[in-house]
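For ligands, and for the atoms within them, numbers begin at 1 and follow the listed sequence. Reckoned from all heavy atoms, side chains included, excluding hydrogens, waters and symmetry mates.
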Amino acid sequence: MKVVFCFFLCFGGNFKWILLVDSEDTPTFGSKNIPRLLTKDVITGGFDYPVYQNHTILFYHEESGEMYVGGTDFVLKLDSEGYQITKEVHLEATRDEQCQEDVCHNVITVIERFEDILFVCGTNGHSPHCWKLSPYILEHSEGTGISPFMYTQNSLSLRVEGDLYAAAPLDADGSALQFRRKAGKRANVWMYDSWVSEPTFVTASWVKRKDDPDEEKIYIFFREKNSDHSPEADPWISRVARVCKIDEGGSKRFFQNVWTSFLKARLVCGYPEESLYFNRLQDVYVQHAEDWRDTRVYALFTSSWNSTAVCIYSIKAIEDIFNNSTFKGYDKAIPHPRPGTCVKNSRSLPLVTVSVVRDHPEMSDWVHSVHYKTPFYVSNNNYTKILVDRVQAVDQNMYNILLLATDYGKVHKILEAGSEPFIISETHIPSQSTIQSMKLDSKKKKLVVSFAEKISVVDLQSCQEYNKSCADCVLARDPYCSWTASGCTPTVPDGIQNIIDGQTRVCPTTVSDHTQVNRSRRDAAPPVNVDLLTLPAVPMGVPFYLSCPIDSYHAVYTWEHRDQSSPCLQMHTNCLFLIPAVTPESYGSYECVSKERDYVNVVKRYHLTQQINQQTRTDGGKASAVAAEIVCIVIGLSFALLSAQ
Ligand SMILES: *[C@@H]1O[C@H](CO)[C@@H](O)[C@H](O)[C@H]1NC(C)=O
Ligand SMILES: *[C@@H]1O[C@H](CO)[C@@H](O)[C@H](O)[C@H]1NC(C)=O
Ligand SMILES: *[C@@H]1O[C@H](CO)[C@@H](O)[C@H](O)[C@H]1NC(C)=O
Ligand SMILES: *[C@@H]1O[C@H](CO)[C@@H](O)[C@H](O)[C@H]1NC(C)=O
Ligand SMILES: *[C@@H]1O[C@H](CO)[C@@H](O)[C@H](O)[C@H]1NC(C)=O
Ligand SMILES: *[C@@H]1O[C@H](CO)[C@@H](O)[C@H](O)[C@H]1NC(C)=O
Ligand SMILES: *[C@@H]1O[C@H](CO)[C@@H](O)[C@H](O)[C@H]1NC(C)=O
């Protein structure tokens, strides 16, 4: 719903309409679960495509820091500084017989890199195909089971050592969609059809174990049809599954080329005590760690009631479930070796072990998040993508920053502050389309976002947004930024910052900050470092308002006038004080005061004086104009109050 606010602004007898539109995109201040501020000027690069893209993917090669883009009939390599196109390879559909105009395109769906060779696959006019580029085409091969037939079909790919794992349908109608090892040194292995039901694969991740590579697993995150068809059950259920890296499938006689180590478990996100769950896995980011046990999974879910949630899991807890749980529907003694165990020669596994995997691959126990009783973060935003960066702060600790994007280009930067989310900021990337892909360049602290019409690059170190004062910089709790002699800048070791609690006591006490030291006393005057603005004189009886910019949606703003403190009325990105009709008591000084944590600040100071000479304003039309203003303010106020609820 768009609300239009209308106001008359009266400055020395000149009446103007003020229209404040677009209030739906502004957070309502005062609540905790909203962005602290809206940032602008954070788009630092990118480019427009010559034609609208129906589907694009981004691929970031960690080792080299190189970013690639796959679109319709092309692969681009971006330069690592400005993210401009440095190389373009055209990959048009190779199939030309009976190629109908609208299906001829080769939409790139897979980009992986094996050493210096880029491995690219695409829909190739409904006939999936792959190419090895180095940087020009070395060879090409059939790509069924790696790329989908149409870009709208679900798929994913993963490189593990020299092997390629992929999930893609085997048929043009999207059927036989499952997770397989498709190419490389090790044998091709696939799933048993009954293990999943109408799956949507979200992410696959290889968790390395330096001390025990034979125990390494590949984790697969997906959602599937719920086998519980009762009317109150959600039709979808979210899953984590895993297979051993060294699994080569079963014996020739039994389960040849089928995973012998596939196990799956329910991924729970919600309020277990109330049996209220977010069941639709939307996106996953796996944060790897030196020690595999510390690897964490950040999972974004949606629900049947259109609310979204982030839950965080530890790989250690996931492993414990696969190691200890009973097998759902299986009540006999668990055979040895335990079904799902990684063994050097999976073809020699006893039939009894493999049979349990075949018939009962689901764990009875559920995987709960590290916060168990509640999700880490719940929101009404329709988030579709999640990424997590690790940032070292001045206090030497590493902090996790969640980057959550909504389908229409809003990006929220969220600090993982213990078990609480702290929403540092919201950035709106103007676009005509939904976000198709998003990748993090953690080395350069940039977020690359792909839309149908363009690539946009967001600077995560946009510290100029909180450059007003040390307090401004510290209150932001942004580990990317710290206060220095040159203002709020990307974090340096001796900068001033307080990520733990955002209290501004870490800031030096300057002359203008002096009174702030005793701010705990309610009557202590806040620091005054803004000029007093004298407004043009205003006659009695007219409506009038004062405005103050909102710098932080987490602060509380009040208007101080004649020893009276009034709450302020939020209007878009401003905070208003409304005077329905000016009376003698209305004249004098006004201060807009913001309070946030331990920081009290005067944002604006005004002086309102009486207009004595009114001879030009005694015409007959005036009374009705004033009446109209008041009606308008009343309407505006009621809209404002409605939108504040
Ligand atoms: C996008 O899809 C439309 C409809 O199928 C098609 O006409 C158009 O050519 C496609 N655009 C590209 C860049 O392939
Ligand atoms: C959720 O959103 C969808 C799509 O916008 C809408 O059709 C549906 O009615 C919404 N459901 C609820 C419970 O709000
Ligand atoms: C799972 O059990 C096996 C042996 O049964 C053990 O080697 C492995 O360390 C266990 N994993 C975890 C995560 O405890
Ligand atoms: C699960 O098994 C591992 C060893 O495989 C053990 O260390 C752990 O304590 C067990 N967890 C539970 C909850 O039983
Ligand atoms: C949320 O975004 C997804 C993906 O763009 C879309 O399919 C879904 O309808 C959206 N839901 C709502 C409630 O807007
Ligand atoms: C930030 O403020 C400092 C003064 O405190 C100024 O020197 C610097 O140019 C400002 N930086 C930006 C990016 O505005
Ligand atoms: C704060 O106020 C108390 C008394 O009200 C005073 O003793 C103290 O010195 C003040 N602190 C500072 C740092 O000015």
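Considering backbone and side-chain atoms alike, W305 places every N or O at 3.5 Å or more from each N or O of ligand 2. Checked against a 3.5 angstrom limit, the closest N/O atoms of Y151 and ligand 1 fall outside it.
Residue N54 has at least one heavy-atom neighbour below 4.0 Å for each of these atoms of ligand 1: 1 (C), 2 (O), 3 (C), 8 (C), 10 (C), 11 (N), 12 (C), 14 (O). Listed by number with element, the atoms of ligand 1 under 4.0 angstrom from any heavy atom of Y52 are 11 (N), 12 (C), 13 (C). Each of the following atoms of ligand 1 lies closer than 4.0 Å to a heavy atom of T72: 14 (O).
Within the 4.5 Å cutoff, side-chain heavy atoms of I499 are placed close to those of L415.
Comment: D501 does not engage R477 in a salt bridge, judged by the lack of any side-chain N to carboxylate O separation of less than 4.0 angstrom. No salt bridge links D407 with K385; every basic N to acidic carboxylate O contact stays at or beyond 4.0 Å.
Between the side chains of T302 and T308, no donor N or O sits under 3.5 Å from an acceptor N or O. For the 3.5 Å distance criterion, the side chains of S552 and E596 qualify, holding a donor opposite an acceptor.
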List, for ligand 6, each N/O atom that has a protein N/O partner under 3.5 Å away, with both atom names and the distance.
{"unit_1": "ligand 6", "atom_1": "2 (O)", "unit_2": "N467", "atom_2": "OD1", "d": "3.1"}
{"unit_1": "ligand 6", "atom_1": "2 (O)", "unit_2": "N467", "atom_2": "ND2", "d": "2.4"}
{"unit_1": "ligand 6", "atom_1": "11 (N)", "unit_2": "N467", "atom_2": "ND2", "d": "2.8"}
{"unit_1": "ligand 6", "atom_1": "14 (O)", "unit_2": "N467", "atom_2": "ND2", "d": "3.2"}

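Listed by chain and number, the residues in a side-chain hydrogen bond (donor to acceptor under 3.5 Å, both in side chains) with S594 amount to none (sequence neighbours excluded).
Cation-pi geometry between R113 and Y68 is not met at under 6.0 angstrom from the ring centre and within 45 degrees of the axis. In this structure, R36 forms no cation-pi arrangement with Y553, as its terminal cationic atom is not both closer than 6.0 Å to the ring centre and no more than 45° off the ring axis.
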